[in-house]
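For clarity, every value in this text was computed on a predicted model and none was experimentally measured. Labels below follow one simple rule: chain letters A, B, ... track the order of the sequence lines, proteins then strands, and each chain is numbered from 1.
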2 protein chains.
Amino acid sequence: MPGLLGEYDLRVTARARAASLRPAVTLADVAREAGVDQSTVSRVLRDDHRARATDETRARIRETADRLGYVPNASARSLAVRKTSTIGLLIPNVSGVIYADVIKGAADAASALGYVLVVADGSELGRANDAVRKLVLEGRVDGLLLASGTLTDQVTDDLLGSTGNVVVLNRQIAGKVPQVIEDDEYGMYLGTRELVDAGHRRIACLAGPPDVDTSRRRVKGYKRAMREAGLTVTAGLVVHHDFDEASGYAGMLALLGQQPQPTAVAAASLAAAVGAMAAARDQGIVIPDDLSMVAFHDAPLANYLCPPLTTIAMPLEELGRQAMQMLHRRLVGEPGPAAVTVSDPSPIVVRRRSVGPPPG
Amino acid sequence: MPGLLGEYDLRVTARARAASLRPAVTLADVAREAGVDQSTVSRVLRDDHRARATDETRARIRETADRLGYVPNASARSLAVRKTSTIGLLIPNVSGVIYADVIKGAADAASALGYVLVVADGSELGRANDAVRKLVLEGRVDGLLLASGTLTDQVTDDLLGSTGNVVVLNRQIAGKVPQVIEDDEYGMYLGTRELVDAGHRRIACLAGPPDVDTSRRRVKGYKRAMREAGLTVTAGLVVHHDFDEASGYAGMLALLGQQPQPTAVAAASLAAAVGAMAAARDQGIVIPDDLSMVAFHDAPLANYLCPPLTTIAMPLEELGRQAMQMLHRRLVGEPGPAAVTVSDPSPIVVRRRSVGPPPG
DNA sequence: TTGACAAGAACAAGCGCTTGTTCAAGGATT
DNA sequence: AATCCTTGAACAAGCGCTTGTTCTTGTCAA
């Protein structure tokens, strides 16, 4: 990503080019040129089943539209049909390693369903509010995918009450808010088991904020694995911080302050794990010799850490896809569950080199 | 970033909430309720200078609109005024570490200028084309910010010919395509100097693809620094790969195959540097003792690498901001340069721990 | 008193599209 | 030969907004 890079093929065809010589060519233009009525052009071009036209007329219309470079105007169409066929995806921090997959899944599903997906940056408070107002309320999008773990119940209720076309990603809320969640509990269970199986007994948990749903679910998974292994979670063994590098760094320092020190830590996020690894290193602790580590969520980056980090790969692309599908169902009024847990593909642990036997 | 996290305050006010009880309340509704004409409501609510209304009427209109929860419909408005006041930002891979800043800058400028910014994922070829068609051609956005280093001239010409409302980020193209670029040459020069100043003489360059504009400019900066220091760039000292971790890994391996080995490498991208560091480590080479390293572009991640990586911080936020501003100028027909180089703030090197004296 | 001129506000057309309805012109059916 | 579909296509209204124009007052100068 570094280099403002990417490989596009944006060659635009001659017709598209002609299309936007001002002023844009309209349906009426095509109709006039083809010698038919506007409505006929509209129906033919959309393959409307009510299009009654001879093959000859159809051909002439299409040819004319093509020649003139007709491109339908989205605003006019939206106004007429009262929907925009575009969906917004609101993301707290667009550059989160994790979101690439979510976006991909959502975008795939969106285009399969005939929507265009736009993502909005909700990294700042004002920005997120703005986005909701400008996008949803003003009708720029038909619905919104909300990726966030820290919505308060109050907030989501309001949002839903006010729009009814929002699906929340990975936030589990009692009640009727449409949601698609990943099995954080199981994922974290898996990660912790990995540590247990390697022989660790003093396993710490580098958790996210205690008031964040996803964070709590991950801690739950950690605890379940511990309990199953007959291990007790003593005070201080789980520390709560944010889901970012700096917090991971601080959290690891806290963990390392314990006596006796944990021999392994399960981090609830990749970014926190990155910070944590740096902290360990700074304390002269070497992974995996002195300390083992797994992190929740996978990304290419994990491969290049020092050492390569064992992670739990969650089905994030599927999360995005299913969220989009659920939103679509709701928009067209199809029945369907208002809450689903993505379980296929199942979370898997990606073994790299950060897990070893306990020292000593 | 881990936890699908973010802190929103999406509390929607009562009026917004009321706004979307179907059907949405329209200007006509407000007019009827307030006992005035629709046009008056429209003008008053927009503070149109042609609004002739007593303060009393104004107050009544505003009160009514508020009470009814009126929110203007973007499609209708766009259709009427023939612009959408939304701008698209097309990004090759939305989750690139680097793009967070660009997006922030562009988003700031956008909202200051009264636009809403949506970002589209152009990670895949088809997706990018689709985005251009759906967004620009169909008039969902007024203009497009194109972040990419690998557009061919042909392609951009077409794009511009077909729309005229596109600004390219950091791609330097002869001709009239509107562009705002960062001073890659100088940035890379700075980074290489850092290595030179530390005493290195065999300095390699881990470059991007040779046919990518930004990559070439970075190599140029590297070469200038070398030349100035009286150092020769022997064959094999600059290797070309992609701007990602895997490529950086491969590139570093190639570099390490040289005899004599370089004692320092200037990487043209952060991601490549991450891969390169992993490669060095795998070869038993320790940074900075055996090998020094700097990378082009900065991000929080660099702080947490092993060791923390010295980088060149480029003014990416400003890049985004200025691109947005240029696009705006073009949209409103203001004159202004069609190409600017962002030079303020100037690139700076962020010293961390990956640079040391040459070994031996 | 008349007219001119504001101010305040209503009228009306139109942006580019969709869609329910009507119309005309053949066949097919009686 | 009259009736009835059916097919092919035109008509027309309307989506929610903006904006140029017109209408109606009240006020003030002449």
Q | Backbone of B/Ala106 reached by a side-chain donor or acceptor of B/Arg321 within 3.5 Å | A | no

Q. Between atom CZ in A/Arg82 and atom P in C/dT18, what is the gap in whole Å?
A. 13 Å

(Q) Tell me the interatomic distance from B/Arg140, atom CZ, to C/dC17, atom C1', rounded to whole angstroms. (A) 13 Å

**Q.** Nearest listed nucleotide, side chain of A/Asn73, among C/dT18, C/dT19, C/dG16
**A.** C/dG16

Q) Rounded to the Å, how far apart are A/Arg32 CZ and C/dG16 P? A) 11 Å

Q. Does B/Thr84 reach the main-chain N or O of B/Asp142 with its side chain, forming a donor-acceptor pair under 3.5 Å?
A. yes

Q | Distance, rounded to the nearest Å, where B/Leu79 contributes CG and D/dT19 contributes C1' | A | 14 Å

Q | Side-chain H-bond candidate by donor/acceptor type, A/Arg46 with A/Ser42, under 3.5 Å | A | yes

Q: Give one of base, sugar-phosphate or nothing for A/Arg52, where a contact means two heavy atoms less than 4.0 Å apart.
A: base

(Q) Looking at B/Arg77, I'd like to know whether one of its side-chain N or O atoms comes within less than 4.0 Å of OP1 or OP2 on D/dC17. (A) no

Q) Do the side chain of A/Asp108 and the main chain of A/Gly105 share a donor and acceptor less than 3.5 angstrom apart? A) no

Q.
For the backbone of B/Ala338 and the side chain of B/Arg330, can you confirm whether one donor and one acceptor N or O come within less than 3.5 Å of each other?
A. no

Q) Less than 4.0 Å between a side-chain N and a carboxylate O, is that true for A/Glu63 and A/Arg60? A) no

Q. Are any side-chain N or O atoms of A/Arg133 and backbone N or O atoms of A/Glu138, one a donor and one an acceptor, separated by less than 3.5 Å?
A. no

Q | Sorted by number, the residues of residues 53-61 of chain A with heavy-atom contact under 4.0 Å to DNA chain D | A | A/Ala53, A/Thr54, A/Thr57

**Q.** Carboxylate-amine/guanidinium proximity below 4.0 Å for A/Arg32 and A/Asp29
**A.** yes

Q | Length of the line joining B/Leu27:CG and C/dA10:C1', which is rounded to integer Å | A | 14 Å

**Q.** Residues within residues 34-47 of chain B bordering DNA chain C, heavy-atom distance below 4.0 Å
**A.** B/Gly35, B/Val36, B/Asp37, B/Ser39, B/Thr40, B/Arg43

